[in-house]
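First up is the structure itself, then whatever we jot down about it.
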Amino acid sequence: MSANERADPRWGDWEPVIGLEVHVQLSTRSKMFSTSSTAFGAAPNTQANAVDLGLPGVLPVINREAVRKAVQFGLAVGAEVNQRSVFDRKNYFYPDLPKGYQISQFKHPIVGRGALTVTLPGGEQRTIGITRAHLEEDAGKSIHDAVPGRTAIDLNRAGTPLLEVVSEPELRSASEAAAYFRTLHSLVRYLGICDGNLAEGSMRCDANVSVRRRGSNVLGQRTETKNINSFRFVEQAIDFEIARQIAVLEAGGSIVQETRLYDPDANETRAMRTKEDSDDYRYFPDPDLQPLVVSDQELEAIAAAMPELPTARRMRYVEQLGLTEYDAELIVADPDLAEYFEATAAAAGGGKAAANWILGDLTAALNRDECTVRESRVSSDQLGQLIQRINDGTISGKIGKTLFETLWNDADTRATVDGLIDARGLRQVSDSGAIETIVDDIIAANPKQVEQFKGGKDKVFGFFVGQVMKATQGKANPKAVNDILRAKLSG
């Protein structure tokens, strides 16, 4: 699909140009340049040592685990991994950055150009270029509502390792940007380099947005909307900013290069400050840190230990487990769901039925009770056993659904499927003799419906099936019921 075919009619003759800068908080136990803990939720200012505070005489030491995770990401997006990179000082002063500078990477980042393939809402796939990904330390957190009339500072986050992933300005809609953010979120979780907890700020997104006349190759003036921490907010913030910029330009105004903040309550972006250029930060190599060198042996070891990535897993599900492309895409999008699926499929002895149950009844239950798959009240082993008992004819599909709800609502998480089937007398009646007796009684009791069926009203067949199932409390084997009924009525 061409860019014109994807064009949003809301924007008329204008075309948005969007690039994202995503800050990925690396899941290391200690900070980028100090031994302070990175655990979330500690009391304010209890996890910041002399290095994080920038006290005189302290020296930073590079966290090698953070380096390893950055290299993993570079390999996953097919990027050039620069085995020699440089840390720089990015100079600016805010209260949550006590040193007066941030240690980052500028001209020589650890990860160079790569690409990420994104599945858009309509199913189309696009490959979005990644300009670079560089290591840096996070700033602290300003808290504006803790002390009346003042701003409080929590430095626990200061120094936490970040990998900033910068896309090319190749996104053309808010929905594309949200899809890119989702794909990146999934990838870093598959790699195990970030827990992906958006609510805790483990991933945050800065959206660079500009607009230009459709068909033009000249980029418009951009704004940067900072620190967006949900997929929905990314889409809403970008849509608002596109509409705002178009309104300004069509009224004869001009766009100011500035940093903006998204307010989800008001669904609007607001100006924070004039946007700085790179020259304003006065980058220079950090004199306290030698160039970072990744040896050939380290690079080979990291490459050898790479996990299965989403694209490869999706292909395996389609080719080996018989899933449709659509089902595989849905399951693979969440690594926790994919792990649950694999365990369920192994217990059930097949993938297709496992996918149907997971994307149907399980997902409905998770959504209804606002649970994650890790919080599922039905384990993958239980669901796999349930599917097995349907497949081997022990219970019907209808009873299976009832049993699933029983498992979901049962406080005893140790309950087994077989135990519940026996305790509640749910085993399916498959004895042909018993079913024949019930069928004969129902046929004898309903001569009018028998004549209607023999007269060509095939829909009456469903009436007889229903009567048999009612008589057996839903326990009769549906296939046996259908076969016996059809033979008796036709005879």
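Counting only N and O atoms by type, the side chains of Ser36 and Gln47 include no donor and acceptor under 3.5 Å apart. Side-chain atoms of Asp52 and Ser34 include a donor-acceptor pair closer than 3.5 Å. Asp361 and Trp408 share no donor-acceptor pair across their side chains, judged by distance under 3.5 Å alone. A donor and an acceptor atom, one from each side chain of Ser295 and Glu298, are located under 3.5 Å apart. For the 3.5 Å distance criterion, the side chains of Ser173 and Ser175 qualify, holding a donor opposite an acceptor. Side-chain atoms of Thr127 and Thr117 form a donor-acceptor pair, as typed in the model, at a separation below 3.5 Å. A side-chain donor from one of Glu250 and Trp14 sits under 3.5 Å from a side-chain acceptor of the other.
Residue Gly196 comes nearest to His185 through the heavy atom pair O-NE2, 2.7 Å, listed as atom of the first residue, atom of the second, then distance. The two atoms that bring Pro44 and Asn156 nearest to each other are CA-ND2, 3.7 Å, heavy atoms only. Pairing each heavy atom of Val256 with each of Thr223, the nearest pair is O-CG2, 3.5 Å. Heavy atoms only, all atoms of each residue included: Ser85 and Gln105 are closest at OG-NE2, 3.1 Å. Closest non-hydrogen pair, Ala338 versus Tyr317, comes out as O-OH, 3.5 Å. Taking each heavy atom of Leu362 and Ser376 in turn, the nearest pair found is CD1-OG, 3.5 Å.
Between Asp288 and Arg89 there is a salt bridge, since at least one side-chain N of the basic residue sits less than 4.0 Å from a carboxylate O of the acidic one. For Asp263 and Arg270, the salt-bridge test passes: some basic side-chain N is under 4.0 Å from an acidic carboxylate O. Under the 4.0 Å criterion applied to side-chain N and carboxylate O atoms, Lys99 and Glu137 are assigned as salt-bridge partners. Ion pairing of Glu329 with Arg314 is present here, as a side-chain N (NZ or NE/NH1/NH2) and a carboxylate O approach within less than 4.0 Å. The pair Arg232-Glu235 fails the salt-bridge criterion, with no side-chain N (NZ, NE, NH1 or NH2) lying under 4.0 Å from an Asp/Glu carboxylate O. Taking 4.0 Å as the cut-off between side-chain N and carboxylate O, Arg172 and Glu15 count as a salt-bridged pair. Under a 4.0 Å N-O distance rule, the pair Arg244/Glu268 does not qualify as a salt bridge. The pair Glu21-Lys226 does not meet the salt-bridge criterion, since no charged nitrogen lies less than 4.0 angstrom from a carboxylate oxygen. Asp336 and Arg189 are joined by a salt bridge, as a carboxylate oxygen and a charged side-chain nitrogen come within less than 4.0 angstrom of each other. Between Glu339 and Arg313, at least one side-chain N (NZ, or NE/NH1/NH2) sits under 4.0 Å from a carboxylate O, which counts as a salt bridge.
Judged by distance alone, with hydrogens and angles left aside, the side-chain atoms of Asn197 form a donor-acceptor pair with the main-chain N or O of Ala199 at under 3.5 Å. No donor-acceptor pair under 3.5 Å is formed between the side chain of Arg377 and the backbone N or O of Leu366. Judged by distance alone, the side chain of Asn91 and the main-chain N or O of Arg282 form a donor-acceptor pair under 3.5 Å. A donor-acceptor pair is defined here as one N or O able to donate and one able to accept, closer than 3.5 Å; no such pair exists between the side chain of Ser104 and the backbone of Glu136. Panel note: side chain Ser27, backbone Gly192; a donor-acceptor pair is recorded below 3.5 Å.
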- Take Gln83 and Asp296 through the test side chain to side chain donor-acceptor pair (under 3.5 Å) and record every step on the way to the result. CA-CA 8 Å; Gln83 293 182 247; Asp296 291 340; 2.9 Å; yes
Given Thr151 and His144, is the side chain to side chain donor-acceptor pair (under 3.5 Å) satisfied, shown in steps?
CA-CA 5 Å; Thr151 295; His144 304 292; 3.1 Å; yes
inquiry  = Go through it in stages, so that I can follow the logic: the residues are Arg222 and Glu258, the test is salt bridge (Lys or Arg N to Asp or Glu O under 4.0 Å), and I'd like the CA-CA distance, side-chain angles, deciding distance and then a yes or no.
reply    = CA-CA 8 Å; Arg222 66 184 173 90; Glu258 61 189 0; over 6 Å; no
* To do: Please lay out, stage by stage, how Leu155 and Leu53 fare under the test side chain to side chain contact (heavy atoms under 4.5 Å, CB included).
  => CA-CA 8 Å; Leu155 293 174; Leu53 298 174; 3.3 Å; yes
### Task
In sequence, state the C-alpha distance, the side-chain angles, and the governing distance for Asp138 and Arg204, and then conclude on salt bridge (Lys or Arg N to Asp or Glu O under 4.0 Å).
CA-CA 11 Å; Asp138 207 346; Arg204 308 188 297 278; 3.1 Å; yes
Decide side chain to side chain donor-acceptor pair (under 3.5 Å) for Glu241 and Tyr262; before the verdict, give the C-alpha distance in whole Å, the side-chain angles of both, and the deciding distance to 0.1 Å.
CA-CA 9 Å; Glu241 186 59 17; Tyr262 177 64; over 6 Å; no
Requested in this report: Begin from the C-alpha positions of Asp195 and Ser202 and carry the test side chain to side chain donor-acceptor pair (under 3.5 Å) through to its verdict.
Outcome: CA-CA 7 Å; Asp195 64 22; Ser202 296; 2.7 Å; yes
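Judged as a ring pair (Phe, Tyr, Trp, His ring centres under 6.0 Å), and not counting sequence neighbours, Phe240 has no contacts.
In the displayed structure, Lys352 atom NZ is contacted under 6.0 Å by more than 12 heavy atoms of other residues, nucleotides or ligands. When the shell of 6.0 Å around CD of Glu168 is examined, it contains more than 12 heavy atoms from other residues, nucleotides or ligands. Heavy atoms of other residues, nucleotides or ligands lying less than 6.0 angstrom from CD of Glu375 number more than 12. When the shell of 6.0 Å around CE of Met272 is examined, it contains more than 12 heavy atoms from other residues, nucleotides or ligands. A 6.0 Å sphere centred on CZ of Arg368 holds more than 12 heavy atoms belonging to other residues, nucleotides or ligands. Heavy atoms from other residues, nucleotides or ligands lying under 6.0 Å from CZ of Arg10 number more than 12.
Rounding to the nearest 0.5 angstrom, the gap separating the CG atom in Leu26 from the NZ atom in Lys31 is 14.0 Å. Here the CD-CG distance, from Glu405 to Leu403, works out to 10.0 Å after rounding to the nearest 0.5 Å.
Note on residues 160-184: pairs passing ring-ring contact (aromatic ring centres under 6.0 Å, His included), not counting sequence neighbours, are Phe181-Phe231.
The closest side-chain heavy-atom distance from Val209 to Thr225 is not below 4.5 Å. Put simply, the side chain of Ile103 does not reach to within 4.5 Å of the side chain of Asp88, judged on heavy atoms. Looking only at side-chain heavy atoms (C-beta outward), Phe341 and Leu323 come within less than 4.5 Å of each other. Using a 4.5 Å cut-off on side-chain heavy atoms (C-beta onward), Val417 and Gln388 make no contact.
Proximity of the aromatic rings of Tyr101 and Tyr281 is defined here by a centroid distance below 6.0 angstrom, and this criterion is not met. You'll find the ring centres of Phe106 and Phe284 outside the 6.0 Å limit.
Judged by the 6.0 Å distance and 45° axis criteria, Lys401 is not positioned over the aromatic ring of Phe404.
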